[in-house]
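A quick note: this is a predicted structure, and the numbers were derived from the prediction, not measured.
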Amino acid sequence: MKLLVIGSGGREHAIAWRLAQAPRIQKVFVAPGNGGTARENGLENLAITDIGKLAEFALAEGIYLTVVGPEAPLAEGIVDLFRSKGLRIFGPTKACARLESSKQFAKEFMTRHRIPTAEFAAFEDPRAAHAYVDERGAPIVVKADGLASGKGVIVATSKDEAHRAIDRILVERTMGAAGSRVVIEEFLEGEEASFIVLADGEHVLPLATSQDHKRLKDGDQGPNTGGMGAYSPAPVVTPELHARVVREIIHPVLKGMAEEGHPYSGFLYAGLMIDRGNPRVLEFNCRLGDPETQPILLRLKSDLFELIEGAVDGKLDLLEADWDRRPALGVVLASGGYPEAPKQGDTITGLPAADEDLRVFHSGTALKDGVTVTSGGRVLCVTALGVTIKMAQRRAYEAVSGIRFDGMQYRRDIGFRAVSSKK
Ligand code: AMP
């Protein structure tokens, strides 16, 4: 059987690598893929991004199942299109993907279904938005309504900063159509965790928990990024909290979407803020997180293909996922200038050989004349398993220390919360 994975990041490298290990799979195409998927056994890059052309390819090539990595094609309706042509595909429809593609939809949906989240209001008119900030005070969070590649959220520590964010999004339109509306919400304190499930419209299968580090610099300082590292499991998600998240957040989402006529099938990611044991939703993503996927999938012992096939067939209630008990941790190596203006085209040296407990997943890389070069902001995610989180951390950083490219930046403290909670 042949599969198709859509996307080009570390998340898609990890998904495709795991899928290719399934006994029934001959080949996994990755569209468009990256310098890592180009070299991986069983994978083949495909230089297509247009969703109509991808559907034509899937039909012509007899692709058994397509798995969608990033949010943009989901919001564009790739799942609806593939299904209309009788193609099997795993991911939410365009209507379901609104949980991510419109923050206003997600917030109103949570209100309708009593799912715990921060208080909010949505605005198109900058004057009304400014008045709301004046009334509520700071800290306060300003979010562009649409998809903004992780750059649409401003956690404002002063009213001035919030006013500036409103002007940038609604008046200067720095985020284009994604910023035709803003959601302004209450600032939540606590510790963040990612809770990701496979959903089949009715049932869910939770994946191992994880936590990522969004800020560029050590100690969670500096600007927000797509994610500078992640680890799994997240000790903050205790078994009790796990049960509550499923009961109070995940099941109500599945039930609510089905009631509204849009059964949710695909990966569902809830970004949570946990304050004194109480979870609240910061955001939904309608796909796996990057870089959380890399440590999560390094821990997965079950056949990923069987799990996804089970989800497409609505049989998740019959399946279980088996995890390596050991924690995994991934350190992202980013290019110089990331996140503002990532440098590209630098040669990468010192990539370690992969083994059972260590894998380097590629994101922004390309093969140029047989040489791996940087081609994006987040370049690599060096991911390791260890008997303890500390040992996973040590193994990952040992591998990092051999890798070089011009301008390389990374955090030295990935996993610090989990390491200190184990002391
Ligand atoms: P989002 O894309 O909505 O998850 O936001 C990106 C990041 O902004 C989150 O991971 C949090 O660190 C932060 N954030 C978002 N919403 C809030 C909030 N209401 N209170 C505090 N921090 C937030």
Side-chain angles (χ1 to χ4, degrees), residues 5 7-21 28 30 32-45 69 210 212-213 225-232 288-300 304 324 326-336 338 342-368 370-386 389 391-412 414-415:
V5 172
S8 64
R11 165 183 55 209
E12 289 78 19
H13 187 182
I15 295 171
W17 162 72
R18 265 292 179 238
L19 288 174
Q21 291 169 343
V28 180
V30 191
N34 57 42
T37 54
R39 284 181 192 262
E40 194 82 59
N41 274 343
L43 310 189
E44 183 174 326
N45 284 355
S210 60
D212 76 341
H213 294 269
T225 70
M228 294 300 289
Y231 53 93
S232 170
L288 287 170
D290 189 333
E292 294 96 319
T293 302
Q294 291 86 316
I296 290 176
L297 290 188
L298 198 62
R299 292 185 60 215
L300 181 68
L304 179 63
D324 197 316
R326 294 173 299 167
L329 181 142
V331 179
V332 168
L333 307 185
S335 53
Y338 180 74
K343 212 165 151 275
Q344 302 194 8
D346 293 306
T347 301
I348 305 169
T349 59
L351 286 169
D355 62 37
E356 292 278 293
D357 299 345
L358 180 87
R359 288 241 136 219
V360 179
F361 295 109
H362 290 229
S363 309
T365 72
L367 271 189
K368 206 171 133 202
V371 176
T372 309
V373 299
T374 64
S375 68
R378 289 182 295 164
V379 176
L380 302 166
C381 182
V382 181
T383 314
L385 283 160
I389 186 76
M391 286 160 91
Q393 190 189 47
R394 192 176 308 142
R395 182 83 209 278
Y397 278 108
E398 265 166 29
V400 166
S401 68
I403 302 173
R404 298 259 183 292
F405 57 85
D406 205 40
M408 177 169 116
Q409 26 170 2
Y410 63 93
R411 281 180 60 160
R412 269 88 176 155
I414 298 303

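- Between I389 and P327, the shortest heavy-atom distance links the atoms N-CG, 3.5 Å.
- Taking SG of C381 as the reference point, atom OH of Y410 lies at 14.0 Å (rounded to 0.5 Å).
- Closest non-hydrogen pair, L329 versus G415, comes out as CD1-CA, 3.9 Å.
- Remark: the N34 side chain and the S8 side chain contain no N/O donor-acceptor pair separated by less than 3.5 Å.
- Although no hydrogens or angles enter the test, the distance criterion places no donor-acceptor pair under 3.5 Å between the side chain of E40 and the main chain of W17.
- Remark: I414 CD1 to Q393 CD distance equals 8.5 Å, nearest 0.5 Å.
- Listed for the T374 side chain is a donor-acceptor partner under 3.5 Å among the backbone atoms of D346.
- Note that CZ of R39 is 9.0 Å distant from OG1 of T365, once rounded to the nearest 0.5 Å.
- Although no hydrogens or angles enter the test, the distance criterion places a donor-acceptor pair under 3.5 Å between the side chain of R18 and the main chain of L297.
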task: Tell me, with the steps shown, if L298 and L358 meet side-chain contact (heavy atoms from CB on, under 4.5 Å).
output: CA-CA 8 Å; L298 198 62; L358 180 87; over 6 Å; no
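- Nearest heavy-atom pair across A14 and T293 is CB-CG2, 4.2 Å.
- If you take CG on L385 and CZ on R359, they are separated by 11.0 Å, rounding to the nearest 0.5 Å.
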- request: Report the C-alpha separation of Y338 and T225 in whole Å, then their side-chain angles, then the decisive distance to 0.1 Å, and conclude whether the side-chain contact (heavy atoms from CB on, under 4.5 Å) test is met.
  value: CA-CA 8 Å; Y338 180 74; T225 70; 3.4 Å; yes
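- With I348 as the partner, the side-chain contact (heavy atoms from CB on, under 4.5 Å) test is satisfied by one option alone out of D406, V379, V373: V379.
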task: Tell me, with the steps shown, if E292 and Y231 meet side-chain contact (heavy atoms from CB on, under 4.5 Å).
output: CA-CA 7 Å; E292 294 96 319; Y231 53 93; over 6 Å; no
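- In this structure, the side chain of H13 engages the main chain of H362 through a donor-acceptor pair within 3.5 Å.
- Residues T372 and T347 fail the side-chain proximity criterion, which asks for heavy atoms closer than 4.5 Å.
- Taking OG1 of T383 as the start and CD1 of I296 as the end, the distance is 11.0 Å to the nearest 0.5 Å.
- Of all non-hydrogen atoms in G227 and P291, the two that sit nearest each other are CA-CD, 3.9 Å.
- Among pairs with a residue in residues 395-405, those fulfilling salt bridge (charged side-chain N to carboxylate O under 4.0 Å, His left out) read D355-R395, at least two apart in sequence or across chains.
- Remark: I15 CD1 to L300 CG distance equals 11.5 Å, nearest 0.5 Å.
- Put simply, the side chain of V382 reaches to within 4.5 Å of the side chain of L333, judged on heavy atoms.
- With hydrogens and angles disregarded, no donor-acceptor distance shorter than 3.5 Å links the side chain of R411 to the backbone of V331.
- Considering all non-hydrogen atoms of both residues, P342 and G377 come closest at CB-CA, 3.6 Å.
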task: Starting from the C-alpha separation in whole Å, work towards a yes-or-no answer on side-chain contact (heavy atoms from CB on, under 4.5 Å) for D290 and R378.
output: CA-CA 10 Å; D290 189 333; R378 289 182 295 164; 3.8 Å; yes
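- Heavy-atom minimum distance, N45 versus G33: OD1-CA, 3.7 Å.
- Residues satisfying the side chain to side chain donor-acceptor pair (under 3.5 Å) test with S363, not counting sequence neighbours, are none.
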